[in-house]
Amino acid sequence: MCGIYGSIERANHAPNIVFAGLKDIEYRGYDSWGVAYFNGEGFNFVKDIGFLPQSLELPYSNIALGHTRWATNGGVSINNAHPHTDCTRSLALAHNGVVENANILKDTLVSHRFISQTDTEIIAHLIEEERARLPFSEAVKTVFNKLEGLNAILTSDGKEVVAIKNGSSLIVGKTDSGFLVSSDTNSLLPHTNQLYFLEDREPVVIGNNPINLSFISIPWKYQSADLGNFSHYMLKEIYQVPESLDNLLQVPKQIKDASEIIQDTRNVFLIGCGSSNYANLAGEYLFSKFGRRLTFCCVASEFSSKQPYLTTDDLVISVSQSGETIDLLEQVRLSKTRETKQLAIQNSYGSALYREVLNKVMLNAGAEKAVLATKSFASMLGVYILLANQLGGNYPQGEQIILKSIEASQKVLDNKIEIQQIAKELSKSEHIFTLGRSLSYPIALETALKIKEGSYIHAEGFQGGELKHGVLALIEKDMPVLVFTSSNEEKQNILTNASEVKARDAKVFGIGEEKSILFNKYFSILPTGADSIIPKAVFSQLLSYYLALEKGLNPDKPRHLAKSVTVK
Ligand code: F1P
C-alpha cells in the first residue's frame, strides 16, 4: 500500500524531485512520510507523521529516496516512517510489503540497534551484515532472497541505488539527467516516457556502470492531479462522472472485442475488491438482464476455493481501478497457471493488472486520487451496461442507457444541495441501513460502503427481500433507512419493504424514479433504462462526500485506508 519514489540525478535536484513524486503517490498511504538524501558521507532523513506538507525545500543531492506509508508493522510514528537505515546510517531503504518471516530474521541481528518496530528496519540491518563480505548490490540481492512475502524495496549506499521486488510494481524511468524509480507509472510521466517495468526478483542497480535495461517508450500522458476549483479530489472526481461515461462511448471496439471473448467461454467469473466487487455484482445482474448470460460475481480474496475447478474454457474478468490490488492480482496469476481465459476491466495504464492481462477494457476515467472510488465505479457500471447489451445483440440500447445516465447523473449533481441537506440530517446517526432489490441491490451495498469510508458511520446494505429473514429485528424508531426503489419487476416489492420498515417507525429516504407516500424524504432520479444505477451511485457518492464534511473529516483520505491495496 505504501509508495516508493527515488531519484538519481546528475543535476543534484534529487530530493526535490522525490518530494514532488511523493505528492503524486500519496494516495498509496498517508499516515507518515519521509525523504532520505545523500549528503556526501551518509544519509540525512526528513520524516513526519500525517500528510505531506504543501511544499518543502530540500538541499541539493544526487541521490534521494522517498516513501509514503500505510502502517502494517509498527504504529504510526516518526521512528516507524521510512526510509530506514542501519547502525552506521550509511544506507537508506524504503519498502512496500510485509516481510512474513521478520521475527525469525530479527533474531539473527542481536547486536544491532533498532529504533523502529517495522519489518523494514530489519532488512536494512540484514544488508549491513551482508555488506561486511559482499558488494552493496550483491548484499541487497542476498537479503531480498531471504525475505518471505510480497515485497518491493529501493535502497542506496550513496554510490549505488538498488531496486528489487516481487509482487507489487516498481518502475524505472530514464531521464536526461539520470533515473527515477517509482511504485506508480503516472508519477514518472512528468519527467520521462522511457520506462522499464521490473520483473519479480530482478535486481536493477543504478550506479557508476552503464545500466543495461530495455526501456520502452510509453505513449500515455501524465494524468495531472490538479484540484482546479474544487475543494477536494473526491468532489472533482464525482463531477467527472459524465465525462468519464462519455469516454466509454468513444471506444466501442473494446466492448465488441470483450463481448466476443465472453461469447466463446463456458463459465464467466467476475472478480474484484471493495467497490469493484459491487460493480461486478451489478455486472452479474446486467449480464442476466441484457446479455441473457449467467455469470458469477466473487470477491477476489475469496476466489481461491474456485480455482481448482477452472478450466481453459472459463473466463476470469478481473476488475480494478488501480490495477494493483494484490488480492485480485494473486487470483489472476493463479488462474493464468490453469490457462483460464482472462479479461481485465481497469483504469490505470501501466499497472500490474494492465501488464498481466492482455485483453482489456480500459475505463479511461482519468486519474482518481480520492481513496473512495467514484467516477471509476460509475464507469465500471457503464462498461457492464455496454458489454451486456452488446452480448444481447443490442449495443445501441446500451449506448442509449449511457447517454441517459450522463444526463441523469448531471441532474443529481445539479441537485447537490438536496443531498447536502440529507447528509446533515443523517450525520448524527449511529447506524444507517440501505435497501435495494435486483439491479439496485449492489447500489445499496455500495452506498453503505461509501457511508462507512467517508463518515465512519456504521452502514449496512440489505436485499429488500431479506428484511423479514432477520434484519427487521434491527429496525428501531427513527432509524434512517435509504431505500433505492426499482423501476422494473421489483417496483412493488421494494415499496412493500419500505412499508415494512416504515411500520416499525424507521425514517425512510426514497431514492429513485418515483415518489411514494411511504417516504419521509424523497430524492428524484431520472430514468435511464437500467434501473438508474449510475445516477443512484452518484447520489451515494455525493452523500458520502457531504457526510464526511459534516463530520469534519477529509473525504479524500479516510483513516486507515489507502487507494492502492498492495498487501493482503
Ligand atoms: C479496490 C478498493 C476500492 C476502495 C478503496 C480501496 O480498489 O477496495 O474500491 O474504494 O479505494 O480499494 P481497486 O482494485 O478497484 O483499485
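Since this is a predicted model, take the numbers as computed values, not measurements. In listed order, ligands and their atoms are each counted from 1.
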Going by an N to O cut-off under 4.0 Å, is there a salt bridge joining Lys404 and Glu407? no

Side-chain ion pair, Lys375 and Glu237, N-O less than 4.0 Å: no

Looking only at heavy atoms, is any part of Glu324 under 4.0 Å from ligand 1, and if so is it the side chain, the backbone, or both, or is it neither? neither

Structural part of Ala562 in contact with ligand 1, heavy atom criterion under 4.0 angstrom: backbone

Mind checking whether Ser276 has an N or O less than 3.5 Å away from an N or O of ligand 1? yes

Polar atom proximity, Val371 to ligand 1 (N or O, under 3.5 Å): yes

Could you list the residues that satisfy ring-ring contact (aromatic ring centres under 6.0 Å, His included) with Phe462, not counting sequence neighbours? Phe433

Going by the atom numbers of ligand 1, which of them fall below 4.0 Å from some non-hydrogen atom of [X]?
| X | answer |
| --- | --- |
| Gln321 | 13 (P), 15 (O), 16 (O) |
| Val565 | 6 (C), 12 (O) |
| Glu453 | 4 (C), 5 (C), 10 (O) |
| Ser275 | 9 (O), 10 (O) |
| Cys273 | 1 (C), 8 (O), 9 (O) |

